[in-house]
**Student:** 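Would you mind keeping the following structure in view while I ask a few things?
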Amino acid sequence: MRKISLYLAAVVVLGAILTGYWVYSRYFSKQVSDELTMKVEKGDIQSIVNARGEVVSQKEFNLEFPYAGTVEKVFVLDGDKVQAGAPLIKLETQELDLDLARLQAVLQQAQANYQKLQAGATLEDENVSRANVTSARAALDSAKGVLLAAITDAYTRSDDAVRNKIDPLFLNPRTAPQLSFQIGDQQLKTDIESLRLSVESKLNDWSDSLKSADASGDLSALAATANANLTQVRALNDKTTIILNTLVANSQLAQATIDAWRVNVSAGRLAVGLAVTTLSSAEEKVSAAQSNLSIAQNELSLKQAGTRVEEIAAAKAQVDEVNSEIAVTQDKIAKATLYAPASSIVTKVYLEQKEVFMPGTPAISLSVDALKLQSDVSELDIGKFRMNGGLDVNIKFDAFPDYKYAGKLLSIDAKEIIKEGDTFYRANIFFDPSLALKDGNVVRTGMSADLEIIAETKKNAIKIPGIAVYKKGDK
């Protein structure tokens with residue numbers, strides 16, 4: 001009997017425990033949600049590459065423009081001493097100034113549209129919008145006419161540069177091109193003869209495509225073909241220039257002939273470079289005209305459909321977009337002038353007034369008796385850099401951990417550096433040691449620092465927390 005009583009007592013205790021746990025879980029325990037709420041907002045996003053750097057003595061560095069253009073003015077000569085912030089070279093900005101004025105006018109129109117949508121549209125407003133669409137469509141037709149003319153001009157300049165300026169160097173240039181003289185580099189000879197034959201085919205196809213060209217149609221394919229062909233012609237020009245620079249007069253080849261070839265090829269090269277610039281400008285104008293027409297058509301649609309909350313939001317987004325385009329254009333205008341980043345000596349000016357600058361080549365070289373930071377950046381990160389006149393860098397020296405200074409990445413050495421089997425490239429970062437001196441900090445060669453290189457900045461972007469983004473399959 002006593003054993004049965006003990007069993008009953010154990011069952012009662014166990015039941016009480018289970019009942020108490022159920023009551024606690026049901027009424028007192030807080031449920032943890034498996035959902036995490038995150039805020040999505042607009043703002044600036046920066047792509048930052050972290051690196052280590054070392055202070056070294058700075059001697060010479062090159063500056064270049066972030067985009068192609070024609071030189072308007074050269075402010076300095078070789079050997080000049082310049083102070084920090086002094087202007088060096090300026091590109092023409094007439095087209096950019098016109099674009100900025102146009103964008104500002106578009107902004108006023110977009111803002112007026114936004115305000116009208118908020119106030120509600122009238123029949124008179126709708127009629128005005130129709131007129132704006134008609135005007136914008138006419139402007140687009142005009143811009144497309146200019147683009148077709150630029151494409152045709154690009155063909156004419158290319159044809160002249162190749163068939164009139166370069167062909168005198170060849171035998172049978174259009175069918176079986178062969179250089180009319182001997183050179184030591186047989187591979188270069190084979191390459192240029194093959195390229196000349198390829199360019200001939202491109203010119204023939206290009207000419208045929210222009211016969212049926214119509215400005216009222218879509219010119220994007222013609223423009224793409226023109227850009228590709230210009231690249232081929234410029235490559236042929238480059239190889240021809242290399243060969244001409246190595247020629248030496250002999251009994252079969254007079255110096256006067258060589259000099260005449262050089263003058264002609266150089267003139268053709270300049271003409272093709274101008275064609276590239278003109279074509280790019282015409283494409284930008286068509287793009288802008290299409291954007292204006294889209295704005296006008298959207299405005300008319302909004303007037304005809306009546307104002308909704310979504311439409312007002314779209315009009316506000318259009319205002320923001322135009323503001324962003326204005327900021328980009330203003331930035332290009334600001335970067336049209338190269339300024340001395342520090343007191344320095346001009347060692348070489350590579351451009352003259354009215355000469356065309358092309359990205360990837362130096363515009364001016366400066367020599368500075370100062371300090372700079374060198375950092376070896378992995379090839380995995382170097383591709384993120386778009387120099388565009390220099391990248392901003394945040395610098396924190398190991399010797400002064402409580403201070404942060406600003407610098408600028410001005411150039412990257414072309415020669416690679418191999419470390420333990422990995423490839424790196426040396427980045428050269430300029431900074432002003434006098435800024436540190438104001439804080440009582442003396443920067444010396446050999447000092448190390450942590451670097452934050454701002455590779456890219458996106459303005460007014462949608463910011464989503466990285467933890468909220470994940471991959472599912474191929475999406």
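Nothing fancy with the numbering, it's 1 onward along the sequence. None of the values given here were measured: they were computed from a predicted structure. Excluded from the calculations below are hydrogen atoms, water molecules and symmetry mates; all remaining heavy atoms, backbone and side chain alike, are included.
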**Student:** Have a look at R269 and tell me which of V233, T240, I166, T241 forms a side chain to side chain contact (heavy atoms under 4.5 Å, CB included) with it.
**Tutor:** T241
**Student:** Do you know which two heavy atoms are closest between R174 and L197, and how far apart they sit?
**Tutor:** O-CD1, 4.4 Å
**Student:** Has S266 got a side-chain atom pairing as donor or acceptor with R262's backbone, closer than 3.5 angstrom?
**Tutor:** no
**Student:** Under a 3.5 Å distance rule, please check whether S281 uses its side chain to pair with a backbone N or O of T278 as donor and acceptor.
**Tutor:** no
**Student:** Say you draw a straight line from CG of L63 to CG of L366; how long is it, rounded to the nearest 0.5 Å?
**Tutor:** 5.0 Å
**Student:** Is any side-chain heavy atom of L195 closer than 4.5 Å to one of Q232?
**Tutor:** yes
**Student:** Quick one: pull up NZ in K285 and CZ in R102 and give me the separation to the nearest 0.5 Å.
**Tutor:** 10.5 Å
**Student:** With distance as the sole test, does T70 use its side chain to make a donor-acceptor pair with the main-chain N or O of E355 at under 3.5 Å?
**Tutor:** no
**Student:** Minimum heavy-atom separation for I345 to K81, with atom names?
**Tutor:** CG1-CG, 4.0 Å
**Student:** Check for a donor-acceptor pair, side chain of E193 on one end and backbone N or O of L179 on the other, with a separation under 3.5 Å.
**Tutor:** yes
**Student:** Donor-acceptor pair, distance only, cut-off 3.5 Å: does the side chain of S324 make one with the backbone of D320?
**Tutor:** no
**Student:** Checking K332 against D99 for the side chain to side chain contact (heavy atoms under 4.5 Å, CB included) test, could you report, in this order, the C-alpha distance in whole Å, the side-chain angles of both residues, the deciding distance, and whether it holds?
**Tutor:** CA-CA 11 Å; K332 291 185 72 173; D99 282 343; over 6 Å; no
**Student:** Please evaluate residues Q111 and L107 with respect to the criterion side chain to side chain contact (heavy atoms under 4.5 Å, CB included), reporting the C-alpha separation (whole Å), side-chain torsions for both, the decisive distance (0.1 Å), and the verdict.
**Tutor:** CA-CA 6 Å; Q111 289 173 330; L107 176 61; 3.8 Å; yes
**Student:** If every non-hydrogen atom of T337 is compared with every non-hydrogen atom of P87, which pair is closest and at what distance?
**Tutor:** CG2-CB, 4.2 Å
**Student:** Quick one: are R426 and N428 in side-chain contact, heavy atoms under 4.5 Å?
**Tutor:** yes
**Student:** Side-chain contact test, heavy atoms from C-beta onward, threshold under 4.5 Å: evaluate it for K404 versus E452 and give yes or no.
**Tutor:** yes
**Student:** Just checking F431 against Y405, ring centres under 6.0 Å apart?
**Tutor:** no
**Student:** First locate atom CZ of R163, then atom CG of L203, and finally report the distance between them rounded to the nearest 0.5 Å.
**Tutor:** 4.5 Å
**Student:** So which heavy atom on L391 is nearest to which on A455, and how close?
**Tutor:** CD2-O, 3.9 Å
**Student:** Kindly check if the number of other-residue, nucleotide or ligand heavy atoms within 6.0 Å of CD (Q182) is above 12?
**Tutor:** no
**Student:** Under 3.5 Å, side chain of S194 to main-chain N/O of T190, donor-acceptor pair present?
**Tutor:** no
**Student:** When rounded to the nearest 0.5 angstrom, what distance separates NZ in K239 from CG in D191?
**Tutor:** 5.0 Å
**Student:** Indicate yes or no: at least one non-hydrogen side-chain atom of F430 is less than 4.5 angstrom from one of V393.
**Tutor:** no
**Student:** Looking at Y67, F65, Y350, which one forms a ring pair (Phe, Tyr, Trp, His ring centres under 6.0 Å) with F357?
**Tutor:** F65
**Student:** Taking the side chain as everything from C-beta on, heavy atoms only, tell me whether F75 gets closer than 4.5 Å to D80.
**Tutor:** no
**Student:** Is there side-chain contact between E416 and I418, with at least one heavy-atom pair below 4.5 Å?
**Tutor:** yes
**Student:** Should the heavy atoms of other residues, nucleotides or ligands under 6.0 Å from NZ of K396 be counted, would the total exceed 12?
**Tutor:** no
**Student:** Just by modelled atom types, is the V276 backbone N or O under 3.5 Å from a matching donor or acceptor in the S280 side chain?
**Tutor:** no
**Student:** At what distance, to the nearest 0.5 angstrom, does CG of N113 lie from NZ of K316?
**Tutor:** 13.0 Å
**Student:** Can you tell me if E352 has over 12 outside heavy atoms packed within less than 6.0 Å of its CD?
**Tutor:** no
**Student:** Between D413 and K415, is there a donor-acceptor pair closer than 3.5 Å when you use the side chain of the first and the backbone of the second?
**Tutor:** no
**Student:** Would you indicate whether the side-chain heavy atoms of L91 and E72 approach each other to under 4.5 Å?
**Tutor:** no
**Student:** Would you call R157 and D153 a salt bridge, using N to O less than 4.0 angstrom?
**Tutor:** yes
**Student:** Mind checking whether F385 and Y425 have ring centres under 6.0 Å apart?
**Tutor:** no
**Student:** Can you give me the closest heavy-atom contact between A161 and V272, atom names plus distance?
**Tutor:** CB-CG2, 3.7 Å
**Student:** Start with the C-alpha gap between D185 and T246, add the side-chain angles, then the distance that decides, and say whether side chain to side chain contact (heavy atoms under 4.5 Å, CB included) holds.
**Tutor:** CA-CA 10 Å; D185 191 335; T246 64; over 6 Å; no
**Student:** If you round to the nearest 0.5 Å, how far is CG of L451 from CD1 of I48?
**Tutor:** 12.0 Å
**Student:** Count the heavy atoms belonging to other residues, nucleotides or ligands that lie under 6.0 Å from NZ of K419, then report whether that count exceeds 12.
**Tutor:** yes
**Student:** Compare all side-chain heavy atoms of R196 with those of L236 and state whether any distance is below 4.5 angstrom.
**Tutor:** yes
**Student:** Would you indicate whether K202, at its atom NZ, is surrounded by more than 12 heavy atoms from other residues, nucleotides or ligands within a distance under 6.0 Å?
**Tutor:** no
**Student:** Taking T156's backbone N and O only, do any of them form a donor-acceptor pair with D160's side chain (distance below 3.5 Å, no angle check)?
**Tutor:** no
**Student:** Is there a side chain to side chain contact (heavy atoms under 4.5 Å, CB included) between I412 and V377 once you walk through the steps?
**Tutor:** CA-CA 9 Å; I412 299 172; V377 181; over 6 Å; no
**Student:** Under a 3.5 Å threshold, yes or no: a donor from one side chain and an acceptor from the other, between Q83 and S343?
**Tutor:** yes
**Student:** Closer than 3.5 angstrom, by distance alone: can the side chain of R52 be matched with the main-chain N or O of S448 as a donor-acceptor pair?
**Tutor:** no
**Student:** For G85 and Y339, work out which heavy atoms get closest and say how close.
**Tutor:** O-CD2, 3.2 Å
